[in-house]
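We count ligands from 1, going down the list as the structure has it; atoms in each ligand are counted the same way. One-based numbering along the sequence shown.
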Amino acid sequence: MRRSCRHPRGGLVAALLALALAPLPAAAFYFPGVAPTTYHAGDTVPLFVNHLTPADSQNDPKLRSVFSFDYYTEQFHFCKEAGGPKMEKESLGSIIFGDRIQSSPFQLKMAQNETCKAVCGEQTFSDRDAHFVNDMIIKGYNINWLVDGLPAAQRMRDPNTDEIFYSPGFSLGNVNPETEKPEFNNHYDIIIDYHEVSNGQMRVVGVVVDAYSLGPEPRAIGGQECGSSESPVVLDEKDENSKTALTFTYSIFWVPSPTPFATRWDKYLHVYDPRIHWFSLINSAVIVVFLIGMVSTILVRTLRKDIARYNRLDQLALEDFGESGGVDDGVQEDSGWKLVHGDVFRPPKNPLLLSVMVGNGAQLFMMAGVTIAFALLGFLSPSNRGSLSTVIIVFYVLFGFVGGYVSARVYKFFHGESWKLNFFYTPIILPALVFGVFFLLNLFVWGRGASGAVPFTTMLVLVIIWFVISVPLSFAGSWIAFKQSVIEAPVRTNQIPRQIPPAGGYLRPLPSMALAGVLPFGAIFVELYFIMNSIWFSKVYYMFGFLFICFGLMIMTCAAVTVLMIYFLLCAENYHWQWRSFFTAGASAAYVFASALLYWAKDVSFSSWTSGVLYLGYSALLSLLFFILTGTIGFFASWLFTLKIYKSIKVD
Ligand SMILES: *[C@@H]1O[C@H](CO)[C@@H](O)[C@H](O)[C@H]1NC(C)=O
């Protein structure tokens with residue numbers, strides 16, 4: 001009966017196998033810097049301080065916390081300039097992602113070396129402060145400074161190539177491997193690479209800080225002298241009476257460098273072993289080409305045969321009718337997907353919800369695509385802090401128009417009638433959900449007293465932008481779609497729904513989702529690992545060339561695998577393809593969430609449950625957005641597919 005629908009189970013298994021063999025990592029593409037600042041010898045080069053972030057060190061690569069702390073958090077006793085620190089102006093995206101850039105008392109004069117200057121007077125740590133700081137040292141927190149837009153870095157050596165590169169941030173302290181005591185860094189050797197362009201015009205091209213813990217013993221009174229590394233500073237937290245006094249000191253070394261300004265970021269954007277990255281890229285590409293090839297051969301060949309047969313039968317039936325005046329039962333035997341032509345465009349259950357989700361998915365899709373393209377063209381340089389996150393927000397808001405339009409267009413196709421609800425739900429439900437979760441998680445950060453919490457005013461600004469720009473744009477899009485004529489289905493829908501025969505095996509919802517979802521995930525999981533690393537370890541993400549290709553591969557895989565599933569589904573005379581296509585492609589989000597859990601098991605070791613809640617919360621939020629994005633791709637691919645195949649058969 002359903003011989004026309006072949007089930008290439010072997011092919012799917014082979015694709016899965018190929019995927020399992022795909023190894024790790026990505027490639028580098030980066031951008032030219034922004035306009036340079038030129039200094040003359042003796043000019044003040046300002047040093048800004050940013051928040052303290054959890055980091056991975058070479059000895060301890062695990063993530064131990066997700067909170068960031070303000071540099072001037074009282075317990076650190078870091079020196080402030082006279083009159084108190086001033087906030088730097090920052091972009092919205094920068095603030096949301098935790099940057100808190102403030103002025104500092106460090107006096108940096110271009111090309112003037114200094115040794116062991118005290119930053120401010122002696123600081124005394126009580127037992128509580130000591131406990132707080134020691135805890136932060138054990139968790140591996142990094143100090144983040146900025147000089148001329150460059151992050152102060154630590155020098156690292158690539159174990160494979162022996163290349164030296166700069167890793168942004170330097171450690172607050174170190175746990176001594178012998179004594180197992182946390183040693184607090186109170187001395188900074190600031191090493192600045194500068195490049196002389198021409199007669200005395202100099203530019204900053206690299207910033208490294210070597211931090212040391214120097215104890216107080218041999219210090220000359222009143223002199224500008226550093227302590228000794230023989231007796232590192234260990235903050236005493238034994239009991240209420242314990243106190244530790246120390247002085248923060250710094251030295252500056254200006255080192256001439258041949259690196260020109262335009263390539264000063266190269267050392268920071270280091271790629272470990274690019275060969276692996278290319279290898280994995282080629283690997284995913286091969287899987288995708290294989291998959292697409294499989295889908296197109298099956299579909300084009302069998303579909304053409306199906307269509308030819310259906311139309312021949314039709315012809316025969318007509319001729320029969322002409323000759324004998326009746327239809328021969330044997331000839332009229334339709335099979336496979338043609339049988340459900342009278343039901344395939346029957347609106348799904350909950351058309352409102354599906355159209356709202358598809359609308360939001362289209363909005364996310366546009367945002368992601370255009371942002372990645374922008375980044376690829378070099379507009380979102382890492383030297384322009386926070387530009388990536390700001391651009392994401394701006395595009396999300398602007399593409400509210402697309403969201404409204406698509407949602408209304410799809411809803412109209414589903415013959416929906418609750419227009420007002422569709423108009424309102426589209427720009428409200430998902431953003432409200434995301435914002436709600438974001439707000440709740442932020443409450444946790446507030447509760448912890450960590451300064452990574454997004455300020456209330458920023459939250460307010462977000463809500464205002466949402467209501468004043470995004471929602472009206474979405475309404476406008478919906479209105480235009482509402483005015484347009486409905487997209488016509490190529491076949492008429494019957495009055496009475498057909499019975500759906502029970503289907504077994506991989507066509508059941510869960511197995512089909514599990515099978516299909518793994519493929520789009522396969523196209524992106526390498527990049528996903530890097531993105532997670534950059535989010536949780538506050539690292540610069542810059543591999544947009546690779547991300548762009550992965551995004552393209554993911555779209556193609558989503559579309560191909562969903563179309564294939566829907567074809568089998570229709571062959572099994574099941575016409576509920578709308579939700580099914582959304583969930584089939586969207587299932588890859590489950591894999592994304594699972595990989596976040598795996599990342600937790602492998603690279604994370606939290607000491608507080610609040611960190612865990614935050615980690616899980618943000619992972620779930622990202623997975624939800626990914627679900628809606630991929631689900632939408634699957635839905636649209638299947639929609640186009642069904643429109644196309646049912647247009648090509650004749651139905652009386
Ligand atoms: C500053 O110190 C560094 C390192 O010792 C040295 O290479 C450089 O020449 C010094 N610069 C000046 C201006 O003295």
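Enumerated by chain and number, the residues approaching ligand 1 to less than 4.0 Å through a heavy atom are Ala111, Asn113, Phe253, Trp254.
Lys243 pairs by the side chain to side chain donor-acceptor pair (under 3.5 Å) definition with nothing, not counting sequence neighbours. For the side chain to side chain donor-acceptor pair (under 3.5 Å) test, residues two or more places apart in sequence or in another chain that qualify with Ser94 are Glu90, Asp99. For Thr44, the side chain to side chain donor-acceptor pair (under 3.5 Å) partners at least two apart in sequence or on another chain are Lys109.
Between Leu614 and Leu616, every side-chain heavy-atom pair lies at or beyond the 4.5 Å cut-off. Residues Asn142 and Leu172 are not in side-chain contact: their nearest non-hydrogen atoms beyond the backbone lie 4.5 Å or more apart. Taking 4.5 Å as the limit, every side-chain heavy atom of Arg100 sits out of range of all side-chain heavy atoms of Tyr71.
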